[in-house]
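Each chain gets a letter, A, B and so on, in the order the sequences are listed, and its residues count up from 1.
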Amino acid sequence: MDTAYNPENIEKKWYQKWEADGHFKSGGKGDPYCILIPPPNVTGSLHMGHAFQHTIMDTLTRFHRMKGDNTLWQCGSDHAGIATQMVVERQLNAQGKKRTDFTREEFIDKVWQWKETSGGTISEQMRRLGDSPDWDREAFTMDENLSKAVQQVFIQLYQDKTIYRGKRLVNWDPKFQSAISDLEVENHDEKGFMWHFKYPLADGVKTAEGNDYLIVATTRPETMLGDSAVAVDPKDERYQDLIGKFVDLPLVNRRIPIIADDYVDMEFGTGCVKITPAHDFNDYEVGKRHNLPLINIFDPTAKILAHAEAFEYNGTPLEGIDCSLPAEFAGEDRFEARKSIVQAFDQLGLLEKVEDHKLIVPRGDRSNDIIEPLLTDQWYVATDSLAKPAIDAVKSGEIKFVPENWDKTYYHWMDNIQDWCISRQLWWGHRIPAWYDQDGNVFVGESEQQIREKNNLSDEIQLTQDEDVLDTWFSSALWPFATMGWPDETQELKDYLPSSVLVTGFDIIFFWVARMIMMTLKFTGKVPFKEIYITGLIRDENGDKMSKSKGNVLDPIDLIDGIDIESLVAKRTTGLMNPKDAPKIEKATRKQFANGIGSYGTDALRMTFCALASTSRDINFDLGRVEGYKNYCNKLWNAARYVLMNTEGKDCGANNQAEDMQLSVADRWIIGRFNQTVQTFEKHTNEYRFDLATQALFQFSKNDYCDWYLELSKPVLTSESSSEAEKIGTRHTLVNILESMMRLLHPMIPFITEEIWQKVKPMTAVSAESIMVAPFPEFNQDSVDEKVINDLTWIQNIITGVRNIRGELNISPSKPVSVLLKNWDQEDQRCLDSYKPFLSSLAKLESIQLLEGSAEIPASSTALFNHLEILVPVAGLIDVEAELSRLDKEISKLENEKGRLFGKLSNKRFVDNAPVAIVAKEKEKLVAAEAALEKLAQQKLELQSM
RNA sequence: GGGACUUUAGCUCAGUUGGGAGAGCAUCGCCCUUACAAGGCGAGGGUCAGUGGUUCGAGCCCACUAAGUCCCACCA
């Protein structure tokens with residue numbers, strides 16, 4: 001083996017072999033265990049959040065595969081409608097072309113081409129992360145069978161009247177010229193203005209104050225062209241007499257009524273609200289109550305129309321309303337129009353004032369463009385009937401959130417769920433299976449052909465398919481059953497639905513998780529998964545969200561391979577939404593990573609993710625942790641070298657014959673500790689506490705195995721006094737625990753464990769082609785022996801006691817010391833007789849003896865272990881002052897302890913009320929503290945008399 | 001406006017029926033001891049955000065306060 005751990009030398013090699021040997025294939029004789037990947041966007045790349053979640057999914061998958069479960073990690077990707085179309089359009093733009101330069105078919109062809117070339121990025125990244133999904137079952141939401149499922153679901157929901165079409169106000173993204181769902185709108189506070197406009201009262205009416213106008217306050221002046229009314233609070237005494245009267249809407253000279261509606265808050269603004277039902281969700285509702293016309297003034301790019309369109313609430317065009325708009329505004333976009341209209345009001349003397357105002361601005365999550373409520377025909381899913389069973393599935397416990405309190409978030413959204421707008425005016429996606437005849441009749445079915453046959457439509461009747469595609473999340477919602485072959489009744493559906501656990505982030509609980517639950521229940525009657533493990537969100541070391549615009553993103557692959565500073569700066573500063581941020585980002589990056597990022601390897605990265613996976617909802621990613629775990633891997637590497645050095649070519653008791661082999665107390669201890677660790681690991685893993693699971697593995701492998709056990713093995717292997725049977729026993733334990741430990745560690749750190757395991761395996765009785773398919777260690781209670789643990793605790797305490805004294809008194813580790821034990825009993829005598837070589841070796845002793853009661857006590861430095869006093873005679877070794885100060889520190893610590901315990905025990909209420917066991921324990925502690933104090937005081941006296 | 005979460009060592013975080021405050025990293029000291037200097041051994045460091053309550057006993061339970069984060073929501 002190389003003297004140092006080099007991840008790059010082992011990782012790719014093993015992954016290729018695993019894949020070539022088919023070890024990722026689903027299967028196994030045991031219970032089904034299935035994880036569905038949250039399908040990443042096909043043209044995207046994996047970020048730290050993915051890498052984190054993938055590590056957890058892969059750890060679980062490998063764990064269950066080794067346990068023999070019928071394991072499947074279902075992988076695949078999402079066609080990601082808007083996101084993908086955006087990428088391809090941007091590429092065309094770079095070539096000086098537009099989407100509309102092509103036919104729909106040509107454009108879709110280009111997207112498919114792009115998917116073929118870029119779609120491999122993610123799977124390549126997943127391979128670098130060591131992910132072990134069943135690649136043969138890799139799915140894509142636009143695959144033929146998945147598309148078929150989408151179509152069938154749509155048709156059935158339409159027949160159930162759960163899908164319907166209607167003209168309504170939707171969130172319109174003017175940049176993409178498509179509707180988007182509520183969830184895709186992000187509402188944030190932004191700075192803006194509140195304009196106060198005078199609306200002249202009609203028919204010579206005057207306000208109570210004698211004005212011939214009302215003042216309305218608005219944040220969106222441009223929409224006034226579509227006003228249908230002015231509303232006041234019905235309780236507002238100022239305007240009582242005006243209700244039912246009219247104003248003359250300036251610029252368009254339309255007469256609109258003054259209405260009273262509870263929506264208006266008389267305390268806010270002027271108490272008068274302009275009502276624009278076609279361009280504001282609130283106004284839409286107000287208008288509905290008062291049967292106002294909907295007057296649309298925008299085209300799909302949010303530019304002012306030359307002529308507005310008026311509708312009734314059922315969507316039929318309204319006649320008899322003067323819809324002409326001033327020619328001067330026609331063709332202006334909303335922001336230009338805003339200026340023009342404010343200016344026009346000003347010129348007419350109708351601009352009362354302008355105030356600064358903070359308002360909530362809705363923006364598209366992809367386009368970042370301001371969303372425009374727009375009146376259009378769209379398809380909707382009615383969610384009422386779907387939501388109820390989905391809520392019940394969580395309430396009944398059939399589906400469990402981990403951590404549990406995410407169910408509140410889920411309930412809150414589900415209890416207030418709105419109908420879901422599923423049509424998108426895009427080209428890339430599942431085309432809506434609806435056709436229209438010339439009269440506007442709708443036919444929903446699998447194909448034009450099938451519709452004609454079913455409805456007896458003659459060839460003369462022309463049918464045109466709906467131009468729109470479905471929301472990407474519509475197909476994602478079918479993922480749990482569509483990937484398993486639905487609507488066919490497949491074995492996979494029987495085995496893997498419901499799946500075992502969904503590992504995902506809280507940001508897509510509504511987008512994806514809730515919709516999967518609704519759709520899967522509706523179409524299969526089963527829940528999609530039994531548990532939902534909601535991971536934290538990976539943030540940077542300062543707790544900021546990682547984002548391109550902040551310039552703080554880390555690419556997981558860069559942590560694996562390393563990256564030099566120039567490349568990192570280049571990566572972070574190219575393709576910025578706002579190029580002005582580049583210098584700032586460059587400066588911060590150079591400051592943080594002066595020498596770039598080292599190559600840590602996949603295993604170290606994975607271990608870091610697991611160690612950080614606590615219940616916390618934010619995870620601040622600390623690069624220092626990765627480095628620490630790389631060092632840990634190096635530790636394992638060298639431990640393996642030590643073991644091989646001492647076992648290769650030697651008798652390791654592979655035939656397990658008891659008479660050839662004698663196990664030392666250390667051997668039996670580490671075997672027991674190993675088994676306890678297996679148990680602890682399984683417990684925490686089953687509870688998704690990967691942080692605690694990692695801690696248990698780290699504690700065992702580093703502290704117990706490397707720091708203690710390997711050291712304890714040395715005296716056995718090197719001493720002339722140890723028998724061959726003892727040496728065989730220790731070699732056997734060294735190599736077998738190492739082998740088992742690799743299997744225990746494998747799910748989390750797959751590469752290094754395979755590499756070491758392959759080298760160690762020949763010396764053990766274990767046989768498997770790969771550690772991936774070797775059995776996971778099983779907990780064996782019989783291996784845990786309390787007596788052995790106690791003896792080892794004794795050994796450790798003597799050693800630590802001596803090391804302590806060495807450290808405090810700066811005695812060189814290379815200088816052997818003599819040790820005397822005072823106040824010993826028979827047990828101590830037995831232990832000393834049995835374990836002297838361990839003590840001598842690990843504490844570097846010249847000698848160790850029991851001190852007879854009558855013997856003279858030399859001036860010593862003392863450590864205490866229960867009743868036992870560990871004395872290191874210090875004549876000529878140390879300066880007395882240092883030792884005295886050490887003793888004083890110790891004494892003052894104990895005095896505190898004693899005082900606390902004494903106070904507690906002299907409190908009658910404590911003694912009377914606390915459980916007997918607790919009181920007894922406290923008493924014991926007090927006695928021990930007092931005894932220890934006495935010994936230290938005596939020790940101090942002796943030193944002082946030197 | 002409604003809801004969720006966070007506050008423990010310099011940093012990042014554990015702390016599971018309320019009964020001895022922990023880990024990793026960082027810091028300091030001693031060591032190149034033949035697996036590992038990417039290392040070993042040892043040490044220091046905390047009014048558990050604040051106040052009050054329940055209790056014999058609170059980091060943990062309850063109430064309030066403060067600071068911070070996030071989600072949902074129709075205030076022009």
Side-chain angles (χ1 to χ4, degrees), chain A residues 1 3-5 182 187 194-195 216-220 231 263-265 267-276 280-286 357 359-360 403 405-406 408-409 411-413 416 506-507 509-510 537 539 541 543 545 598 611-612 614-622 624-625 627-646 687 689 691-692 694-695 698-699 706-707 710-711 714 718 799-800 803-814 841-844 897 900-901 904 907-915 917-919 921-922 925:
Chain A
M1 278 175 87
T3 51
Y5 163 64
D182 298 346
N187 296 298
M194 178 91 89
W195 286 269
V216 297
T218 180
T219 56
R220 301 222 39 207
Y263 162 68
V264 181
D265 174 2
E267 307 288 329
F268 191 89
T270 63
C272 297
V273 188
K274 64 191 265 310
I275 301 298
T276 321
D280 183 283
F281 288 102
N282 293 315
D283 293 3
Y284 183 86
E285 293 301 322
V286 175
H357 184 69
L359 72 162
I360 294 170
N405 52 27
W406 283 109
K408 292 197 187 69
T409 305
Y411 292 140
H412 183 253
W413 190 71
N416 298 289
F506 56 81
D507 48 335
I509 288 180
F510 309 142
L537 194 75
R539 295 169 175 278
E541 67 286 350
K545 205 166 170 173
L612 292 175
S614 67
T615 56
S616 170
R617 82 174 36 180
D618 293 310
I619 292 163
N620 297 354
F621 190 83
D622 179 7
R625 289 295 285 262
E627 189 172 358
Y629 287 119
K630 186 187 178 186
N631 294 347
Y632 163 80
C633 287
N634 184 54
K635 187 91 188 163
L636 289 181
W637 185 264
N638 281 289
R641 284 180 57 225
Y642 167 80
V643 171
L644 289 169
M645 203 175 287
N646 284 288
E687 290 166 357
R689 285 303 303 268
D691 57 330
L692 300 180
T694 310
Q695 205 178 16
F698 186 87
Q699 159 85 26
C706 292
D707 292 349
L710 293 192
E711 293 304 320
K714 287 175 184 174
T718 56
I799 293 167
T800 320
R803 283 176 175 172
N804 228 309
I805 293 169
R806 276 183 187 279
E808 290 287 349
L809 303 180
N810 282 347
I811 299 172
S812 161
S814 58
S841 170
L842 272 69
K844 189 96 179 173
E897 168 89 353
R900 194 181 60 81
L901 289 164
K904 207 167 180 181
N907 181 350
K908 189 166 180 306
R909 288 183 307 175
F910 170 71
V911 180
D912 289 348
N913 289 309
I918 296 288
V919 176
K921 211 164 113 191
E922 297 292 301
K925 280 195 275 186

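Residues passing the salt bridge (charged side-chain N to carboxylate O under 4.0 Å, His left out) test with A/Arg220, sequence neighbours excluded: A/Glu222, A/Glu372. Contacts of A/Lys844 classified as salt bridge (charged side-chain N to carboxylate O under 4.0 Å, His left out), with partners at least two apart in sequence or in another chain: none. Scanning for side-chain hydrogen bond (donor to acceptor under 3.5 Å, both in side chains) contacts around A/Lys274 gives A/Thr223, A/Asp227, A/Thr276, with sequence neighbours left out. Every salt bridge (charged side-chain N to carboxylate O under 4.0 Å, His left out) that A/Glu897 has, sequence neighbours left out, goes to A/Arg900. With sequence neighbours excluded, no residue forms a salt bridge (charged side-chain N to carboxylate O under 4.0 Å, His left out) with A/Asp265. In this structure, the side-chain hydrogen bond (donor to acceptor under 3.5 Å, both in side chains) partners of A/Glu711, at least two apart in sequence or on a different chain, are A/Lys714. Listed by chain and number, the residues in a side-chain hydrogen bond (donor to acceptor under 3.5 Å, both in side chains) with A/Arg625 are A/Tyr629 (sequence neighbours excluded).
In this structure, A/Arg806 places its CZ atom 11 Å from C1' of B/C30, rounding to the nearest Å. To the nearest angstrom, P of B/G40 lies 18 Å from NZ of A/Lys844. The distance between atom CG of A/Leu809 and atom P of B/C41, rounded to the nearest whole Å, is 19 Å. As rounded to whole Å, 13 Å separates atom P of B/C5 from atom CD1 of A/Ile509. Separating the CG atom of A/Asn804 from the C1' atom of B/G44 is a distance of 13 Å, rounded to the nearest angstrom. Between A/Lys408 atom NZ and B/G3 atom P the separation is 12 Å, expressed in whole Å.
Looking at A/Arg539, its side chain never comes within 3.5 Å of a backbone N or O of A/Phe621 through a donor-acceptor pair. Remark: the backbone N or O of A/Lys630 is not paired with any side-chain donor or acceptor of A/Asn634 at under 3.5 angstrom.
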Collect all protein-nucleotide pairs involving nucleotides 35-37 of chain B in which both atoms are nitrogen or oxygen and the distance is under 3.5 Å.
from  : atom 1 : to       : atom 2 : distance (Å)
B/A35 : OP1    : A/Lys714 : NZ     : 3.4
B/A35 : O2'    : A/Asn638 : OD1    : 2.9
B/A35 : O2'    : A/Arg641 : NH1    : 2.9
B/A35 : N7     : A/Lys714 : NZ     : 3.4
B/A35 : N6     : A/Cys706 : O      : 3.2
B/A35 : N6     : A/Glu711 : OE2    : 3.3
B/A35 : N3     : A/Asn638 : O      : 3.3
B/A35 : N3     : A/Ala639 : N      : 3.3
B/C36 : O4'    : A/Asn638 : OD1    : 3.1
B/C36 : O2'    : A/Asn634 : ND2    : 3.2
B/C36 : O2     : A/Lys635 : NZ     : 2.9
B/C36 : N3     : A/Lys635 : NZ     : 2.9

Report, one pair per line, the protein and nucleotides 14-25 of chain B atoms (nitrogen or oxygen only) whose separation is under 3.5 Å.
from  : atom 1 : to       : atom 2 : distance (Å)
B/A14 : OP1    : A/Ser614 : OG     : 2.8
B/A14 : O3'    : A/Arg689 : NH2    : 3.2
B/G15 : OP1    : A/Arg689 : NH1    : 2.8
B/G15 : OP1    : A/Arg689 : NH2    : 3.4

Under 3.5 Å, which N/O atoms of the protein pair with N/O atoms of nucleotides 58-63 of chain B?
none

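At least one side-chain heavy atom of A/Ile918 sits under 4.5 Å from a side-chain heavy atom of A/Phe910. Contact check for A/Tyr263 versus A/Asn282: side-chain heavy atoms found under the 4.5 Å cut-off. Within the 4.5 Å cutoff, the side chain of A/Asn638 has no heavy atoms near those of the A/Tyr5 side chain.
Ionic pairing of A/Glu922 and A/Lys925 is present here: one or more N-O contacts between side-chain nitrogen and carboxylate oxygen are shorter than 4.0 angstrom.
For the C1' atom pair drawn from B/A67 and B/A76, the interatomic distance equals 33 Å after rounding to whole Å. To the nearest whole angstrom, the two P atoms, one in B/G15 and one in B/A26, are 23 Å apart. With P as the reference atom, B/G59 and B/G20 are 10 Å apart, rounded to whole Å. Comparing the C1' positions of B/A23 and B/U65 gives a spacing of 32 Å, expressed to the nearest Å. Distance noted for atom C1' between B/A58 and B/U17: 15 Å (whole Å). B/C62 sits 12 Å from B/U6 when the P atoms are compared, rounded to a whole Å. Across B/A9 and B/G24, the matching P atoms stand 16 Å from one another, rounded to whole Å. To the nearest whole angstrom, the two C1' atoms, one in B/G3 and one in B/A73, are 11 Å apart.
Here A/Tyr284 lies out of heavy-atom contact (under 4.0 Å) with every strand. Within the 4.0 angstrom heavy-atom criterion, no nucleotide atom of any strand lies near A/Ala231.
Of the two residues contacting RNA chain B, namely A/Glu808 and A/Asn631, the nearest-nucleotide position lying further toward the 5' end is that of A/Asn631.
A/Phe506 and A/Trp406 have parallel rings, their planes meeting at less than 30° on a 0 to 90° scale where 60° marks the start of perpendicular.
Shortest non-hydrogen contact noted between A/Ile275 and A/Val286 is CD1-CG1, 4.0 Å.
Under 4.0 angstrom from either OP1 or OP2 of B/G57 there lies no side-chain N or O belonging to A/Asn907.
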Note to self: Walk me through whether A/Val643 and A/Leu710 qualify under side chain to side chain contact (heavy atoms under 4.5 Å, CB included).
What the structure shows: CA-CA 8 Å; A/Val643 171; A/Leu710 293 192; 4.3 Å; yes
Check: Given A/Ser616 and A/Ser614, is the side chain to side chain donor-acceptor pair (under 3.5 Å) satisfied, shown in steps?
Finding: CA-CA 5 Å; A/Ser616 170; A/Ser614 67; 4.7 Å; no
Notebook entry, point to check: What string of B, S and - do you get for nucleotides 69-76 of chain B, 5' to 3', if B is base contact, S is sugar-phosphate-only contact and - is no contact with any protein heavy atom under 4.0 Å?
Noted result: --SS-BBB
Next item on the list: Give RNA chain B the dot-bracket treatment, 5' to 3': Watson-Crick (N1-N3 with N6-O4 or O6-N4) or G-U (N1-O2, O6-N3) under 3.5 Å, [ ] crossing, | other strand.
Entry: (((((((..((((.....[..)))).(((((.......))))).....(((((..]....))))))))))))....
